[in-house]
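Computed over heavy atoms, backbone and side chain alike; hydrogens, waters and symmetry mates excluded. Numbers restart at 1 for each chain; the letters A, B, ... are given by sequence-line order, proteins then strands. In this text the structure is predicted, and so the values were computed from the model without any measurement.
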Amino acid sequence: MSEERSLNFIEEIVEGDIAAGKNGGRVLTRFPPEPNGYLHIGHAKAICLNFGLAQKYNGKTNLRFDDTNPVKEDVEYVDSIKEDVKWLGFEWANELYASDYFDKLYDLAVELIKQGLAYVDDSSAEEIAIQKGTPTEPGVANQYRNRSVEENLQLFAEMKDGKYPDGAKVLRAKVDMASTNMHLRDPLMYRIKHTHHHRTGDTWCIYPMYDFAHGQSDAIEEITHSICTVEFIPHRPLYDWFIEQLALFPSKQYEFARLNLNYTVMSKRKLLQLVEEGHVDGWDDPRMPTISGLRRRGYTPASIREFCERIGVAKRENMIDVGLLEFCIREDLNKTAWRRMAVLDPVKLVIDNYPEGKTEIFHGENNPEVEGGDGSREFPFGRELWIERDDFMEEPTKKYFRLGIGLMVRLKSAYIIKGESVVKDADGNITEIHCSYIPESQSGNDTSGINVKGTIHWVSADHAKSVEVRLYDRLFQVEDPGNEDGDFKDYINPNSLHVLPTVYVEPDLINAKVGTPVQFMRKGYFTLDKNSTPDKLVFNRTVTLKDGWVKK
RNA sequence: UGCCUGAUAGUAUAAUGGUAGUACGACGGUUUUUGGUACCGUUUGUCUAGGUUCGAAUCCUGGUCGGGCAACCA
């Protein structure tokens, strides 16, 4: 195994801990999504990091749903998250829920009250916000801070028993109202929400806040390395404070910079807006940066894992170019996807000297990158073909290697042809191209001695199948739509979806399967859309091929 | 005005006091029945000003710039 990639800073920490014999060398990470939305490529980074660490250091990873806010959460999201993590290729050790710990968390809160380190506050949200001060002015304590342990115990029990309406009271940790760290100014631990929870039903009407659920859940599970994103750095002192006061297992929090991808948005709020306002087809629209969107677009789990490996892990803010994601999927698909011919923008080609009614069967290897071609398939050839409109130029420029009047080109896996004439309609658009073919130039036994610079793809007009193809482009016109003036939706690319209703493909493509990508030669990688029917096949373009030809 | 973070080619990421390297991109070339792939080459960098040191991207001091922090969200 030549793992030549250097360690990222978290791997260094883990290796340091193992070397120091910390936790007996045990590594237990967790991936802790809140089930309030679909996973996106940013989550993939966290997933690959957490699961990857465990794999690398003989550890395990728990999947834990951070379901402490019932008003936002739903089983729909739980199910999609599990599907996406599995699809990415990872197996969790345990499927857990913060809500599994509601009893324990309640007991821990009571414990803190007994220690005189938590109190029930009757203030309104607005009052509490004012009393907290600002980053530059210290907060001030209120009269509730001095309630007796007994009173707090009773009030907290009454909160739990449903004696108070939403917002009437909260439980707060007694830390330091004057701390320069806002999160330490007596943070809220519990709030009242008479809301049905997707797992605990109506058992509870008080729910713990993130700060009093996350670290405690980590400790209960004895997570060794609790990895989150940098915006949680200010929470770390609180994370440690609760664990220390309650003498729990000392899980440690480490932070890395979240992924930013250009030409898209990554916040759940914004993604939800795109879905709800109908700017996209749903969470799995192929233009979405969600895992399910990328899957429907034709991305493979391996390509996403490779991407996450390549972007690295550090603490500084970053903006990754989607070009890297595209590179990763091309690299993967080049080695695995079968080649097929499809004409996206068809124009009729007639071979004048080829016998009418004659059909020949040619064949082509499935994948030239694989030893032996990975098998082959057959396709028919005839007098009338479809070729790409832009593979013909009536008056070709000097560096044009395709078909033109007087120009010769090879039809992939078939004959060399020479452009002869065109037929145009009243508007001057070319409706037919006429050519002649060189009978001795048949692919495989070419005795013509002719060398041509270009090869183009084609399909037989008599045998081609018609399918729909959807071409996708970036969803936004600017690199960082969330950071522009005005609404991010003002920057949506109006041409992000281009539907080609009539694309001619070689007959074998009726065997295409959802989840099995193919390369349309010279055009890109495509995948069958999940909503295809036998009568109407729909292909999504995953990504174009790299185009090294720049028109002069 | 405060606190917490961070700063290395266009982008991302290494170098852990000792030759600033890698990948993607861009550009050029070779091969090619995909203007793809593969292969080769070129290109561009340590935020700034001082200091310590034989030697600083790395350590120290000051500054500049970016991000985060005042949800009964996570």
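Taking only side-chain nitrogens and oxygens, A:Arg316 comes nearer than 4.0 Å to OP1 or OP2 of B:rU13.
Note that A:Arg199 lies in the cation-pi zone of A:Tyr97, set by a 6.0 Å cut-off to the ring centre and a 45° limit from the axis. Both tests do not hold together for A:Lys418 against A:Tyr437: distance to the six-membered ring centre under 6.0 Å, angle to the ring axis within 45°. Geometrically, A:Lys453 engages A:Phe401 in a cation-pi contact, judged by NZ or CZ lying under 6.0 Å from the ring centre and within 45° of the ring axis. At least one cation-pi condition fails for A:Lys315 and A:Phe256: the charged atom is not both under 6.0 angstrom from the six-membered ring centre and inside a 45 degree cone around its axis.
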Scan nucleotides 21-25 of chain B against the protein and return all N/O pairs shorter than 3.5 Å with their distances rounded to 0.1 Å.
unit_1	atom_1	unit_2	atom_2	d
B:rA23	O2'	A:Arg310	NH1	2.4

Can you give me the N/O atom pairs linking the protein to nucleotides 40-47 of chain B at distances under 3.5 Å, or say none if there are none?
none

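Heavy atoms of A:Tyr525 sit nowhere under 4.0 angstrom from any nucleic acid atom. Within the 4.0 angstrom heavy-atom criterion, no nucleotide atom of any strand lies near A:Arg185. At a threshold of 4.0 angstrom between heavy atoms, the contacts of A:Val313 are confined to the sugar-phosphate backbone, with no base atom among them. Base contact: A:Gln519 has a heavy atom under 4.0 Å from a base atom.
The existence of a salt bridge linking A:Asp186 and A:Lys132 is excluded, since no basic side-chain nitrogen approaches an acidic carboxylate oxygen closer than 4.0 Å. The pair A:Glu255-A:Arg236 meets the salt-bridge criterion, with a side-chain N (NZ, NE, NH1 or NH2) lying under 4.0 Å from an Asp/Glu carboxylate O. A salt bridge links A:Glu331 with A:Arg310: the closest approach of a Lys/Arg side-chain nitrogen to an acidic carboxylate oxygen falls below 4.0 angstrom. Salt-bridge formation is not detected for the pair A:Lys72/A:Glu34: no Lys NZ or Arg NE/NH1/NH2 atom is positioned less than 4.0 Å from an Asp or Glu carboxylate oxygen. A salt bridge links A:Asp122 and A:Lys169; the closest N-O separation between the charged side-chain nitrogens and carboxylate oxygens is under 4.0 Å.
If you find the closest nucleotide of RNA chain B to A:Leu7 and to A:Gly454, the one lying nearer the 5' end belongs to A:Leu7.
Formation of a donor-acceptor pair under 3.5 Å by the A:His194 side chain with backbone atoms of A:Tyr164 is found in this model.
Side chains of A:Glu221 and A:Tyr101: a donor on one and an acceptor on the other come within 3.5 Å.
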Generate the contact string for nucleotides 67-72 of chain B. Rules: B means base contact, S means sugar-phosphate contact only, - means no protein heavy atom under 4.0 Å. S-SBSB
In dot-bracket, 5' to 3', how would RNA chain B read with Watson-Crick or G-U wobble pairs under 3.5 Å, [ ] for crossing ones and | for pairs to another strand? .((((((..((((....[..)))).(((((.......)))))....(((((..]....))))))))))).....
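Between the side chain of A:Ser443 and the base of B:rU33 there is at least one donor-acceptor pair of N/O atoms closer than 3.5 Å. You won't find any donor-acceptor pair under 3.5 Å spanning the side chain of A:Glu255 and the base of B:rG6, going by distance alone. The base of B:rU33 sits with one of its N or O atoms less than 3.5 Å from a complementary donor or acceptor on the side chain of A:Arg410.
Residues in residues 361-380 of chain A take part in these salt bridge (charged side-chain N to carboxylate O under 4.0 Å, His left out) pairs, two or more places apart or across chains: A:Arg377-A:Glu506.
Considering only the side chain of A:Thr136, B:rU1 comes nearest among B:rG35, B:rU1, B:rG6.
A gap of 39 Å separates the C1' atoms of B:rU33 and B:rU13, to the nearest Å. Nucleotides B:rU8 and B:rC47 place their P atoms 6 Å apart, quoted to the nearest Å. Remark: the separation of the C1' atoms in B:rA26 and B:rC69 is 40 Å, to the nearest Å.
Remark: A:Tyr210 engages A:His214, A:Phe232, A:His235 in a ring-ring contact (aromatic ring centres under 6.0 Å, His included) (not counting sequence neighbours).
The aromatic rings of A:Phe526 and A:Phe520 lie parallel to each other, their planes meeting at an angle below 30°, with 60° marking the opposite boundary.
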